[in-house]
Chemist: 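Encoded as structure tokens, here's the structure I'll be asking about.
Each chain gets a letter, A, B and so on, in the order the sequences are listed, and its residues count up from 1. Fair warning: this is a prediction, and the values are worked out from it, not measured in the lab.
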Amino acid sequence: MPYHEFDCSKCIPERKKHAVDKGPEDDLTKALPLGYLNTIPGSISERGCAYCGAKHVIGTPMKDVIHISHGPVGCTYDTWQTKRYISDNDNFQLKATFATDVKEKHIVFGAEKLLKQNIIEAFRAYPDIKRMTIYQTCATALIGDDIDAIAQEVMDEMPDVDIFVCNSPGFAGPSQSGGHHKINIAWINNKVGTVEPKITSDYVINYVGEYNIQGDQEVMQDYFRRMGIQILSTFTGNGSYDELRSMHGAHLNVLECARSAEYICNELRVRYGIPRLDIDGFGFEPLSSSLLKIGRFFGIEDRAQKIIDEETARWKPELDWYKERLMGKRVCIWPGGSKLWHWANVIHEEMGVKVVSVYTKFGHQGDMEKGIARCEQGALAIDDPNELESLEAMYKLKPDVIFTGKRPGEVAKKIRVPYLNAHAYHNGPYKGYEGWVRFARDIYNAIYSPIHQLSYLDISRDDIPGDGGFRTQRMISDVNLSQEVRTSKNLREYTGKYDTISPLREKTYPEFNK
Amino acid sequence: MADMNDKIAQLENFIMKKCLWQFHSRAWDRKNQNENILRMTGELLCGETVNTDSPTDRCYWVDAAYLADSFREKFDWLASMSNKEIKALFVALKERMDFVTVDGSLNAELTDPRY
């Protein structure tokens with residue numbers, strides 16, 4: 001597996017060991033990109049900081065909490081509402097963001113008084129909310145404000161509130177991944193074991209590394225409830241602060257995003273003896289095998305099988321409609337840290353696309369091992385790419401669509417490559433059986449958008465055809481399909497509703513005897 | 001031997017494409033996973049009883065049961081192997097997985113003493 005040197009990065013020779021091409025006879029012992037290292041000076045990275053990784057990725061999806069940043073207002077503003085981690089309590093955690101608004105005078109004279117004043121003010125402004133997380137930022141870390149001491153002072157004065165402090169300033173690691181680690185460890189050290197678990201089932205899990213992007217958690221929660229399984233806590237999407245304090249009471253940790261949350265699973269295993277089961281919530285086969293494994297663990301695999309049969313019968317014909325139209329399309333999976341391996345194999349098998357590249361902004365070498373192992377030969381794997389490398393890769397690989405964040409996504413649009421938001425999704429949720437069809441629909445819409453086709457024409461240079469009429473998506477996507485596929489009665493386009501999550505919140509579930 | 005290597009490669013490819021358990025973040029953890037899950041998979045394929053008394057063992061077992069079912073379905077040559085041959089195959093497969101994921105791995109994080 002040879003390292004891949006980008007032409008644009010020849011002036012930064014250290015970059016060479018951050019990319020590899022997966023060759024025909026290669027395995028992971030031949031070459032592996034470096035990972036989780038400080039970004040090389042001169043390389044304009046797409047990473048976030050450790051504060052962002054702690055607060056934005058993991059802390060703020062908790063739903064019943066005032067999340068406050070102790071620092072300048074920009075830190076909190078730039079980590080607000082850019083990821084759609086919704087919740088079933090009217091999205092409190094998305095509607096408001098809080099900062100202590102540290103200014104120059106506080107840097108000179110200290111900001112602890114300001115912090116205390118802000119904590120009390122925030123609790124008074126939202127009297128129904130009794131829980132708070134506080135995030136240290138670079139500025140307040142450097143001046144040495146003792147956030148823990150201030151939080152304790154407030155808890156002593158206001159006994160009905162509880163506060164979690166996360167000391168993860170922006171510089172505390174090479175990327176947002178450093179912040180994931182810090183908040184995982186801080187939470188288990190300071191909060192797990194401080195609330196008695198409320199057990200309502202014989203089968204109790206923590207659902208870990210799941211952030212309820214556009215409702216992912218609620219889709220999976222629906223399956224678990226149909227199986228009679230109690231989610232004691234979700235770390236952290238749609239998760240409740242006090243439920244997360246009782247994580248020690250679960251029988252099994254079900255782990256989705258190992259990149260951001262394996263640390264707390266590992267610690268729960270070591271400290272409380274709760275085993276860790278890594279699963280995939282994306283794609284029919286991986287999701288089915290995941291549900292079966294969880295069912296088997298509790299001896300209720302028949303309940304899992306019932307869900308698998310029902311959901312597959314309902315949604316597989318729709319997935320296959322898209323598969324016929326996406327066959328052979330070239331895609332780049334360019335997310336943050338975990339979706340490169342969640343998607344690399346199953347998207348190829350179940351949607352028929354060819355994965356020509358995987359990359360990770362902040363993943364570790366372990367994520368690259370998983371991603372490279374799961375993608376097909378010929379794929380280009382890149383660690384912590386810079387913008388010029390992404391452009392060079394797109395010019396060379398000519399993908400039909402890329403899945404990435406909105407910053408690199410907008411860069412892709414400039415060279416007429418459509419993108420889908422891998423972090424916050426376009427029309428998610430993407431987890432679950434229906435969700436996987438929604439993802440296929442988004443890919444189809446991205447590749448075959450008639451409007452996007454027009455972008456290939458340059459009105460200052462090209463002849464604009466005036467006699468062809470408007471070409472619909474179906475006219476473009478079906479041109480090479482057989483008559484049998486085009487007119488198949490067994491395949492159909494997505495028939496789900498615009499909002500798939502609200503009905504789940506009204507749903508009632510079967511009672512299983514304890 | 002060529003036949004054995006080919007069989008190991010098929011099983012390894014399936015594990016790499018479909019499983020996550022082999023990629024825990026520390027060397028000792030990966031060795032534990034390889035040892036327990038592959039041993040149990042071999043036992044299941046040989047029709048033996050697997051110990052699932054502790055939660056930890058049950059967690060190994062659910063991954064092993066998935067593998068055993070999948071291997072039976074996808075690799076029909078397994079049906080013609082004796083239990084002794086299956087056991088030998090899984091010893092060799094475990095050695096190969098240890099090499100790819102631990103001993104020959106280029107992942108520098110594997111030996112970090114902290115999680």
Chemist: What heavy-atom pair brings Lys293(A) and Asp63(B) nearest, and what distance separates the two atoms?
Modeler: NZ-OD1, 2.8 Å
Chemist: Listed by residue number, which members of residues 35-60 of chain B have a heavy atom under 4.5 Å from any heavy atom of chain A?
Modeler: Pro55(B), Thr56(B), Arg58(B), Cys59(B)
Chemist: So how far is it from Trp21(B) CH2 to Leu277(A) CG, rounded to the nearest 0.5 Å?
Modeler: 12.5 Å
Chemist: Out of Asn184(A), Asp278(A), Ile279(A), Leu34(A), return the one with the most heavy atom pairs under 4.5 angstrom to chain B.
Modeler: Asp278(A)
Chemist: Once rounded to the nearest 0.5 Å, what's the spacing between atom CZ of Arg374(A) and atom SG of Cys19(B)?
Modeler: 7.5 Å
Chemist: Most heavy-atom pairs under 4.5 angstrom with chain B, which of Pro275(A), Gly35(A), Ala344(A), Pro33(A)?
Modeler: Pro275(A)
Chemist: Around Lys17(B), counting heavy atoms of other residues, nucleotides and ligands shown, do more than 12 lie under 6.0 Å from its NZ?
Modeler: yes
Chemist: Search all heavy atoms of Phe297(A) against all heavy atoms of Val62(B) and return the closest pair with its distance.
Modeler: N-CG1, 3.5 Å
Chemist: How many angstroms lie between CG in Leu20(B) and OG in Ser290(A), if you round to the nearest 0.5 Å?
Modeler: 8.0 Å
Chemist: What is the distance from atom CZ of Arg276(A) to atom CG of Asp29(B), rounded to the nearest 0.5 Å?
Modeler: 6.5 Å
Chemist: Given the options Asp280(A), Asn345(A), Val346(A), which has more heavy-atom pairs under 4.5 Å with chain B than any of the others?
Modeler: Asn345(A)
Chemist: Heavy-atom distance under 4.5 Å between the side chains of Tyr66(B) and Leu292(A), does that happen here?
Modeler: no
Chemist: Drop me the distance from Arg96(B)'s CZ to Asp27(A)'s CG, to the nearest 0.5 angstrom.
Modeler: 5.0 Å
Chemist: Checking side chain to side chain contact (heavy atoms under 4.5 Å, CB included) between Glu369(A) and each of Asn107(B), Thr101(B), Val100(B), Leu106(B), which is the one that passes?
Modeler: Asn107(B)
Chemist: Counting only heavy atoms closer than 4.5 Å, note whether Asp69(B) contacts chain A via side chain, backbone, both or neither.
Modeler: side chain
Chemist: Please check if the number of heavy atoms outside Lys17(A) that lie under 6.0 Å from its NZ is greater than 12.
Modeler: no
Chemist: Is there a donor-acceptor contact under 3.5 Å from the side chain of Gln365(A) to the main chain of Ala108(B)?
Modeler: yes
Chemist: Salt bridge (Lys or Arg N to Asp or Glu O under 4.0 Å) for Lys18(B) and Glu349(A)? Distances and angles first, verdict last.
Modeler: CA-CA 11 Å; Lys18(B) 302 285 186 183; Glu349(A) 290 199 350; 2.7 Å; yes
Chemist: To the nearest 0.5 angstrom, please state how far the CE atom of Met16(B) sits from the CD1 atom of Ile372(A).
Modeler: 11.0 Å
